[in-house]
Q: 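Here's a structure for you.
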Amino acid sequence: MFSLRPVSSVARRAATFSVQRRGYADVTDKVKLSLVLPHKTIYSSQDVVQVNIPAESGDMGILANHVPSIEALRPGVVEVIESGATQKFFVSAGFATVHPNNKLTINAVEGAPLEDFSLEAVRANLQEVTKVASSAASEADKVEARIEADVYEALQYALSK
């Protein structure tokens, strides 16, 4: 009987604590987005509804109350959904950090609005880079051209959607 007292007192104490559960974001909840390039800030702690990112592990949608995480970004489209509008930005690479308290920071190496790109120019540049990749003398030049081709392929895919 004596051994049951500590167990029962622990059970009573555990019952008094409230359990906080994660749930879906309310429609009124917003994410504070900061989208930053090395040379300029596109968003600075601006309230948005949702942000879709091209993470290395797969495309992700970030809403309010998202679990904190750090994601490496691959070349692709960052889609920012605001209350009345949607904006799309192409990023070449970077990191997205989901902080507690509904904050999202995206640090991109390069980025621009998707409408700033021409599909014809991207196709021409992709062909040129592919030629360079196949005829490059050094291994470093081949790798550099392959990375550039990967970015152009992702951009071409984003523009043709």
Side-chain angles (χ1 to χ4, degrees), residues 22-161:
R22 295 191 55 80
Y24 293 106
D26 290 331
V27 176
T28 58
D29 289 345
K30 304 284 185 190
V31 176
K32 287 205 175 295
L33 172 65
S34 295
L35 176 55
V36 182
L37 305 175
H39 60 281
K40 86 180 200 184
T41 300
I42 298 172
Y43 287 95
S44 180
S45 294
Q46 186 170 337
D47 286 338
V48 298
V49 175
Q50 179 177 344
V51 181
N52 298 324
I53 61 171
E56 285 285 345
S57 59
D59 291 346
M60 292 178 60
I62 309 293
L63 293 165
N65 302 320
H66 195 282
V67 64
S69 63
I70 299 173
E71 298 292 333
L73 299 178
R74 61 178 162 68
V77 175
V78 172
E79 181 180 21
V80 179
I81 302 170
E82 300 179 57
S83 296
T86 299
Q87 291 188 316
K88 294 181 179 183
F89 299 91
F90 184 83
V91 296
S92 62
F95 286 92
T97 307
V98 182
H99 304 275
N101 302 326
N102 299 328
K103 293 181 183 176
L104 172 62
T105 304
I106 299 174
N107 297 313
V109 176
E110 294 177 315
L114 194 58
E115 66 264 7
D116 287 359
F117 296 97
S118 161
L119 184 57
E120 294 77 25
V122 169
R123 285 183 179 151
N125 289 341
L126 179 58
Q127 286 179 345
E128 183 180 325
V129 169
T130 305
K131 288 177 189 174
V132 170
S134 63
S135 65
S138 72
E139 194 62 32
D141 289 342
K142 286 181 183 180
V143 170
E144 187 177 317
R146 187 65 241 160
I147 291 169
E148 194 173 345
D150 288 346
V151 172
Y152 279 124
E153 286 171 355
L155 186 52
Q156 178 178 310
Y157 175 76
L159 289 170
S160 61
K161 281 174 94 175

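Starting from 1, each residue takes its place in the sequence as its number. Hydrogens, waters and symmetry mates are skipped; everything else that's a heavy atom, side chains included, is used. The structure displayed is predicted, hence computed values, not measured ones.
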Q: How would you list all residue pairs meeting side chain to side chain donor-acceptor pair (under 3.5 Å) that involve residues 48-62, not counting sequence neighbours?
A: Gln50-Asn52, Asn52-Glu79, Ser57-Glu71, Asp59-Arg74

Q: Distance-only, no hydrogens or angles: does the Ser34 side chain make a donor-acceptor pair with backbone N or O of Ser45 under 3.5 Å?
A: yes

Q: Quickly, which of Asp150, Leu114, Val77 forms a side chain to side chain contact (heavy atoms under 4.5 Å, CB included) with Leu155? Name it, please.
A: Leu114

Q: Tell me every residue that passes side-chain hydrogen bond (donor to acceptor under 3.5 Å, both in side chains) with Tyr152, counting only those two or more places apart in sequence or in another chain.
A: Asn125

Q: For Gln156, give me all partners under side chain to side chain contact (heavy atoms under 4.5 Å, CB included), at least two apart in sequence or on another chain.
A: Leu119, Val122, Arg123, Leu126

Q: Go through it in stages, so that I can follow the logic: the residues are Leu73 and Ile53, the test is side-chain contact (heavy atoms from CB on, under 4.5 Å), and I'd like the CA-CA distance, side-chain angles, deciding distance and then a yes or no.
A: CA-CA 7 Å; Leu73 299 178; Ile53 61 171; 4.0 Å; yes

Q: With the side chain counted from C-beta on, respond yes when Lys103 and Val31 share a heavy-atom pair under 4.5 Å apart, and no when they do not.
A: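 Heavy-atom side-chain distance check fails, nothing below 4.5 Å.
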
Q: Not counting sequence neighbours, which residues clear side chain to side chain contact (heavy atoms under 4.5 Å, CB included) with Ser83? List them please.
A: Lys30, Val49

Q: Of all the heavy-atom pairs spanning Pro54 and Val78, show the shortest one and how long it is.
A: CD-CG2, 3.8 Å

Q: Test of understanding: with side chain to side chain contact (heavy atoms under 4.5 Å, CB included), list the residues that count as partners of Glu144, not counting sequence neighbours.
A: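 Glu144 satisfies side chain to side chain contact (heavy atoms under 4.5 Å, CB included) with no other residue.
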
Q: If every non-hydrogen atom of Phe90 is compared with every non-hydrogen atom of Pro75, which pair is closest and at what distance?
A: CZ-CB, 4.1 Å

Q: Of all residues at least two apart in sequence or in a different chain, which pass the side chain to side chain contact (heavy atoms under 4.5 Å, CB included) check with Val143?
A: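 Val143 satisfies side chain to side chain contact (heavy atoms under 4.5 Å, CB included) with Glu139, Ile147 once adjacent residues are dropped.
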
Q: Under 6.0 Å from the CZ atom of Phe95, do we count more than 12 heavy atoms belonging to anything else shown?
A: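 No, CZ of Phe95 has 12 or fewer neighbouring heavy atoms, counting only those of other groups under 6.0 Å.
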
Q: Determine whether more than 12 heavy atoms belonging to other residues, nucleotides or ligands lie under 6.0 Å from atom CD of Glu110.
A: no

Q: Surrounding CG of Asp116 (heavy atoms of other residues, nucleotides or ligands, distance under 6.0 Å), is the total greater than 12?
A: yes

Q: Which atom pair, heavy atoms only, marks the closest approach of Ala149 to Val129?
A: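 In this case the closest contact between Ala149 and Val129 is N-CG1, 3.6 Å.
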
Q: To the nearest 0.5 Å, what is the distance between OG1 (Thr105) and CG (Asn107)?
A: 6.5 Å

Q: Supply the atom-to-atom distance Ile62 CD1 to Asn102 CG, rounded to the nearest 0.5 angstrom.
A: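 So the gap between those two atoms works out to 11.0 Å.
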
Q: Under the side-chain contact (heavy atoms from CB on, under 4.5 Å) criterion, do Val67 and Val98 qualify, and how do the steps go?
A: CA-CA 7 Å; Val67 64; Val98 182; over 6 Å; no

Q: What are the two closest heavy atoms between Val91 and Ala108, and how far apart are they?
A: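 Answer, listing the atom of Val91 first, then Ala108: CG1-CB, 3.8 Å.
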
Q: Just how far is it from atom CG of Leu35 to atom CZ of Phe89, taken to the nearest 0.5 Å?
A: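 Result: 6.0 Å between the selected atoms.
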
Q: In sequence, state the C-alpha distance, the side-chain angles, and the governing distance for Ile42 and Leu37, and then conclude on side-chain contact (heavy atoms from CB on, under 4.5 Å).
A: CA-CA 8 Å; Ile42 298 172; Leu37 305 175; 3.8 Å; yes

Q: List the steps and the verdict of side-chain contact (heavy atoms from CB on, under 4.5 Å) for Gln46 and Glu82.
A: CA-CA 10 Å; Gln46 186 170 337; Glu82 300 179 57; 3.2 Å; yes

Q: When rounded to the nearest 0.5 angstrom, what is the spacing between CG in Leu33 and CD1 in Ile81?
A: 11.5 Å

Q: Any idea which heavy atoms bring His66 and Ser69 closest together, and the distance?
A: CE1-OG, 4.3 Å

